[in-house]
Every structure is written in structure tokens, then in C-alpha cells.
Amino acid sequence: MVAAAMNSPDHDKLPGHVAIVMDGNGRWARQRGLPRTEGHRRGIQAVRKVVAGCARRNIARLTLFAFSTENWSRPKAEISTLFKLFAAGIRDNLKEMGENGVQVKFVGQLDRFGAELGVQMRRMEEETAANSSLLLTVALNYSGRWDIVNAVQRLAASGCDCTQVTEQLFERELAVPPADLVIRTSGEMRLSNFLLWQSAYAELHFCPSLWPDFAEDDLDAALADYAGRERRYGGIGTAALPEQEQACG
Ligand code: IPE
Ligand code: IPE
Ligand code: MG
């Protein structure tokens, strides 16, 4: 099943855009009697593996939820360690992103970060700009509601007559396009203000592994789950159609 998802020539069964809510770092650490920040450190190693795994599986686009607008409510010490880990993670993985053909972009309200992380983010975007195998978008200080309001503001600022706006025009202003598959780790079954508009017709996959433990097997299980889904978009599905109607399309 897993091998079929990986090697299948039927690219319709491979999600073009995978998005992940990387959750469970704190619980991973707590289970081991370690500080939460150790969970975050291990979480960054899991990011490295999943990015390489998606590149190998010819996934075109991967969006990772790394820090939500609501995560500012955490203790200051956790937040500042997290940002230091992000900056180090970017610096240490720059070369590997290039080797895997990964282009990296950061989205969210990025002006609230300190100089060190800001410099590393810009550097990674610039140095990976020409890569084209996998587009990795890292959502930082991001929320789905912010993305929607930001799109409205961008439209208004462009002089657009908002009474004439269409879904297509609106969608172009969002930070991230619609997702095909949204994965959330750690067994939680909610979006936590991630891609609200973009998940409208995404397939959802909830995985019990805590994010630092998320491995290629978990990625393959999610891809196999997706491959087995029928995306009906409000229709009745091909299985329900009589043969003649299927032939007429
Ligand atoms: C996800 O793991 C990482 C971030 C939100 C930054 P958590 O830190 O939320 O881990 P849990 O949910 O407390 O286990
Ligand atoms: C969602 O996880 C945010 C990220 C993974 C970056 P949270 O741990 O913040 O979500 P809640 O608080 O459990 O909903
Ligand atoms: Mg959490």
C-alpha cells in the first residue's frame, strides 16, 4: 500500500500540496522527563526528515505550521528558545535544502521576530530561490484568520472594488494556496487556526505520533490514506454513477 503510494505513476493520487500541523513537541519531552524545549529541538530534526521525504516522493508543495499567532501566549522563555532553535535550524539546513532542490518561503506576520531569525529567514529565501523540486512554505506567526484579513487588506490597498471581488481573485491574495492533504500529528483533531480557507476541500489526516517521532512511515501512511480517498467536491462520486453516465463524463 505504502509502496504503491510512493511509486504509483498515477500522480492524481499524490497530493500536490501537503500541509502539516506539527504538534506534540511538548508532550514528547514531558514523556521523557525533558524540558519542552528539548521537544522543539527534536521537532526541528523531524522537519528535516519530512522535507527530504517529501522531496524524494515528488510532492510539489509542503506547508509547515511552525508557530501560530496564538503561540505568543506561551511562556517567554519557551518562545525565545524556540526562535533561537528556528534560526539555528535554518542555518544548519541551508545546504541540505539546496541539495534536495527545495525552495523555502516564510509566511505570516514576520515583522515581529528578532534580528537573528529575520536575517536567517531572508538568507534562506534568497539562497533557495532558484530551487524547483519542492516548494516549502514555513508558516510563522501565522493564523488562518490573519491570512484572510490580510488578503482583504491587500485587495483594498490595490484599489480593487471589493464589491466585485470573486473567490478566485481573493484566493490569489492569500499567503498559501489551497491544500490537498492536511496532516496533524499528536492525535489532536482540530485546525488550531491553520489554513482555514485553504482547507475547504482538503483531505484531513490525523496521526497519533508526536511530531518529533514523525517518520517516513507516518508520511507514507498519510499518503496512502489520501490515495484511498475519493474527493467528491459535493458531487456523488464516480462509484455512485451508472456506467453510461460515467462514460458521458
Ligand atoms: C508544537 O508542539 C510546536 C509548536 C506549537 C511551536 P507543542 O509545543 O504544541 O507540543 P504539545 O502540544 O504541548 O505537546
Ligand atoms: C498548533 O499547535 C500550532 C502549531 C503547530 C504551530 P498548538 O499546540 O498551538 O495548538 P492547540 O493550542 O493545541 O490548539
Ligand atoms: Mg500543541
Side-chain angles (χ1 to χ4, degrees), residues 17-51 53-54 61-90 92-93 104-114 116-118 120-121 124 136-150 174-176 179 181-199 202 204-215 218-219 222:
H17 181 189
V18 176
I20 310 182
V21 181
M22 308 182 289
D23 197 16
N25 294 353
R27 276 163 284 169
W28 184 93
R30 198 177 58 221
Q31 284 174 3
R32 290 161 179 78
L34 297 168
R36 289 178 59 84
T37 47
E38 184 57 19
H40 296 315
R41 202 179 64 75
R42 293 293 292 258
I44 288 174
Q45 292 173 11
V47 168
R48 210 179 129 219
K49 283 190 219 148
V50 86
V51 170
C54 284
R61 188 161 196 143
L62 174 66
T63 300
L64 298 177
F65 200 12
F67 190 84
S68 76
T69 310
E70 291 77 18
N71 288 147
W72 290 106
S73 64
R74 295 186 178 207
K76 276 204 177 85
E78 177 172 341
I79 295 173
S80 74
T81 306
L82 200 48
F83 293 168
K84 283 195 188 107
L85 289 169
F86 286 156
I90 295 172
D92 297 346
N93 290 298
V104 186
K105 280 189 187 302
F106 294 91
V107 297
Q109 292 173 278
L110 302 177
D111 48 6
R112 209 175 148 182
F113 298 117
E116 193 194 359
L117 183 52
Q120 295 299 343
M121 286 193 293
M124 187 156 238
L136 168 64
T137 304
V138 181
L140 271 177
N141 195 13
Y142 173 92
S143 82
R145 288 180 184 163
W146 165 81
D147 200 358
I148 290 168
V149 170
N150 189 54
L174 293 168
V176 183
L181 171 64
V182 174
I183 300 170
R184 182 167 185 151
T185 60
S186 86
E188 304 292 0
M189 295 189 193
R190 56 179 170 266
L191 288 174
S192 299
N193 210 353
F194 191 33
L195 304 174
L196 299 182
W197 172 289
Q198 296 91 333
S199 310
L204 308 180
H205 176 87
F206 298 101
C207 159
S209 298
L210 302 174
W211 176 249
D213 290 330
F214 190 84
D218 296 301
L219 177 62

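What you see is a predicted model; the values in this text were computed from it and never measured. Order of appearance sets the numbers: ligands from 1, and atoms from 1 within every ligand.
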Quiz item: For Trp197 and Asp147, does a side-chain donor sit closer than 3.5 Å to a side-chain acceptor?
Solution: no
Quiz item: If we ignore angles and hydrogens, is there a donor and acceptor under 3.5 Å between the side chains of Arg184 and Ser192?
Solution: yes
Quiz prompt | Expected output: side-chain Trp28 to main-chain Gly39 donor-acceptor under 3.5 Å | solution = no
Quiz item: So, Thr137 side chain and Lys105 main chain: donor-acceptor pair closer than 3.5 Å or not?
Solution: no
Can [X] be said to touch ligand 1, with heavy atoms closer than 4.0 Å?
X	value
His40	yes
Glu188	no
Gly24	yes

For ligand 2, which atoms, with element, lie under 4.0 Å from some heavy atom of [X]?
X	answer
Asp23	2 (O), 8 (O)
Arg74	7 (P), 8 (O), 9 (O)
Arg190	11 (P), 13 (O), 14 (O)
Ser192	1 (C), 10 (O), 11 (P), 14 (O)
Val21	1 (C), 5 (C)

Quiz prompt | atom 12 (O) of ligand 2: any protein heavy atom closer than 4.0 Å | solution = no
Closest protein heavy atom (residue, atom, distance) for [atom]:
atom	result
atom 4 (C) of ligand 2	Phe65 CD2, 3.8 Å
atom 3 (C) of ligand 1	Asn25 ND2, 3.6 Å
atom 2 (O) of ligand 2	Arg184 NH2, 3.6 Å
atom 9 (O) of ligand 2	Asn71 ND2, 2.9 Å
atom 10 (O) of ligand 1	Gly26 N, 2.9 Å
atom 5 (C) of ligand 2	Met22 O, 3.4 Å

Would you check if [X] and [Y] make a side-chain contact, meaning some heavy-atom pair closer than 4.5 Å?
X	Y	value
Gln31	Leu210	yes
Phe67	Val138	no
Ile90	Phe106	yes
Trp146	Asn141	no
Trp211	Val50	yes

Practice problem: Please check if atom CZ in Arg32 has more than 12 non-hydrogen atoms from other residues, nucleotides or ligands closer than 6.0 Å. | Solution: yes
Quiz item: Can you list the atoms of ligand 1 that are under 4.0 Å from a heavy atom of Ala66?
Solution: 6 (C)
Self-check item: Subset of ligand 1 atoms that lie under 4.0 Å from at least one heavy atom of Arg27
Solution: 11 (P), 12 (O), 14 (O)
Exercise. Please state whether the rings of Phe194 and Phe65 are parallel, tilted or perpendicular, taking 30° and 60° as the class boundaries.
Key: parallel
Exercise. For ligand 2, find out whether one of its N or O atoms is nearer than 3.5 Å to an N or O atom of Ser68.
Key: no
Quiz item: Can you name the N/O/S atom of Asp23 that is nearest the Mg ion (ligand 3)?
Solution: OD1
Quiz item: About how many Å separate CD of Glu38 and CZ of Arg36, when rounded to the nearest 0.5 Å?
Solution: 13.0 Å
Quiz item: To the nearest 0.5 Å, how far apart are OG in Ser68 and CG in Leu191?
Solution: 12.5 Å
Quiz item: How does Gln31 reach ligand 1, by side chain, by backbone, by both or by neither, if only non-hydrogen atoms under 4.0 Å count?
Solution: neither
Exercise. Quick one: look at Leu82 and ligand 1, take heavy-atom pairs under 4.0 Å, and tell me if it's side chain, backbone, both or neither.
Key: side chain
Quiz item: What do we get for Phe67 next to ligand 2 when only non-hydrogen atoms under 4.0 Å count, side chain, backbone, both or neither?
Solution: backbone
